[in-house]
Number of protein chains: 2
Amino acid sequence: MNLSSKGDYATRVLLELSMNQWPHALSVHQLADRTGISPKYLEQIMLRLRAADVVRSRRGVQGGYELARGPDQLTVGEVVRLMDGPLAPSPCASRSAHVPCPLYRCPTEESCVLRGLWLEVRDAISGVLDRTTFAELAERQRAARAQARLMYCI
Amino acid sequence: MNLSSKGDYATRVLLELSMNQWPHALSVHQLADRTGISPKYLEQIMLRLRAADVVRSRRGVQGGYELARGPDQLTVGEVVRLMDGPLAPSPCASRSAHVPCPLYRCPTEESCVLRGLWLEVRDAISGVLDRTTFAELAERQRAARAQARLMYCI
DNA sequence: CTAATCCCTATCAGTTAGCTAGGGATTATC
DNA sequence: GATAATCCCTAGCTAACTGATAGGGATTAG
């Protein structure tokens with residue numbers, strides 16, 4: 001049930017972009033510095049995010065990436081699906097990319113209790129990721145930082 | 001977020017064992033026939049389930065595997081963790097096998113909002129899998145089969 | 001013009017997934 | 001006590017995937 005490093009890194013970078021006043025571009029170099037991700041690897045991730053219209057780019061000096069929409073219009077679920085595929089633990093339980101079970105002894109999908117369970121899991125994951133936007137995450141991060149600053153001053 | 005085939009197959013086989021009156025042993029051969037899984041591959045899965053005290057075995061003619069406890073004492077969560085590792089999408093959010101984040105630019109764990117989100121996901125998955133026992137699944141399957149039989153008779 | 005940046009594709013080493021194979025140990029049955 | 005069915009254990013193998021690294025072209029602000 002592990003997230004890949006691509007999904008992990010993409011969410012980190014998008015949170016970083018969401019923390020800035022939108023729209024405001026950051027270069028791959030800057031993003032890599034802030035997150036500790038290998039720049040060339042991050043570049044590929046950004047290209048995929050751009051192809052999916054999650055971010056948009058400006059080339060040349062002073063170029064970089066910025067969110068293609070407001071962070072309140074971007075959910076973590078969308079990003080994770082983009083980088084890691086469907087949320088469901090089994091292809092037969094995916095709503096976005098359904099693939100039937102290959103085992104010939106599997107019961108019909110409607111009557112398969114395991115598929116029913118994987119659907120429950122899928123819905124549970126989606127319940128968290130599809131309702132969490134990057135605006136929400138950025139808000140939480142600001143709150144956490146304010147909290148930390150407070151702790152430090154006392 | 002995909003389940004491996006080991007996790008998939010293990011749950012299928014354990015559901016099969018749970019459908020029988022416990023305790024009642026089935027051989028790998030029988031289990032493979034009923035599920036359509038490759039017998040030699042299934043053998044390895046059964047060995048792991050045995051090492052974890054989920055099933056117990058009898059060797060020799062008329063031997064086989066049976067549940068080591070009643071199906072009401074075995075959750076899907078335990079089995080999935082056994083075959084596929086922690087439920088959490090990120091090692092830093094695992095409660096059963098916590099591993100800190102390797103990125104040096106990651107904030108402290110307490111303040112990391114992404115970790116907070118992965119914890120939410122972990123809890124959502126665990127909420128489904130740790131409360132579902134194989135007794136429950138077997139019950140559902142019996143109900144589904146009764147339903148199907150009814151449909152057929154009409 | 002130049003340096004910074006995005007864009008694109010190829011490559012590559014290591015790991016993992018999903019099996020397959022073979023042979024030893026045990027045991028019910030005849 | 002021979003036989004056949006079964007579990008037990010370890011090794012190996014191929015294809016795909018992961019997580020990068022590399023290099024060079026296109027674009028653009030200054």
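Lettering of chains follows the sequences in order, A, B, ..., and the numbering in each one begins at 1.
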Does any pair with a residue in residues 11-21 of chain B pass salt bridge (charged side-chain N to carboxylate O under 4.0 Å, His left out), and if so which ones, sequence neighbours excluded? B:D8-B:R12, B:E16-B:R34
Do any pairs count as a salt bridge (charged side-chain N to carboxylate O under 4.0 Å, His left out) and have a residue in residues 43-55 of chain A, sequence neighbours left out, and if so which ones? A:K40-A:E43
Footprint string (nucleotides 4-10 of chain D, 5' to 3'): B base within contact, S backbone only, - free, heavy atoms under 4.0 Å: BBBBBB-
Could you pull out all residues at least two apart from [X] that satisfy salt bridge (charged side-chain N to carboxylate O under 4.0 Å, His left out)?
X: B:D72; answer: none
X: B:D130; answer: B:R81
X: B:R131; answer: A:E120
X: A:R59; answer: none

For DNA chain C, which residues of residues 83-103 of chain A approach it to below 4.0 angstrom with any heavy atom? none
Rounded to the nearest angstrom, tell me the gap between atom CG in A:N2 and atom C1' in D:dC17.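 So the CG-C1' distance, A:N2 to D:dC17, works out to 14 Å.
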Send over the distance from B:I45 CD1 to C:dA17 C1', rounded to a whole Å.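 One finds 11 Å between C1' of C:dA17 and CD1 of B:I45, rounded.
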Check whether any side-chain nitrogen or oxygen of A:Y9 sits under 4.0 Å from OP1 or OP2 of D:dA20, and answer yes or no. yes
Residue-phosphate contact under 4.0 Å: B:S38 side-chain N/O, C:dT20 OP1/OP2: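 For C:dT20, OP1 or OP2 has a side-chain N or O of B:S38 closer than 4.0 Å.
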side-chain contact (heavy atoms from CB on, under 4.5 Å) against B:A88, all qualifying residues, sequence neighbours excluded: B:A93, B:S94, B:R122
Closer than 3.5 angstrom, by distance alone: can the side chain of B:Q44 be matched with the main-chain N or O of B:Y41 as a donor-acceptor pair? no
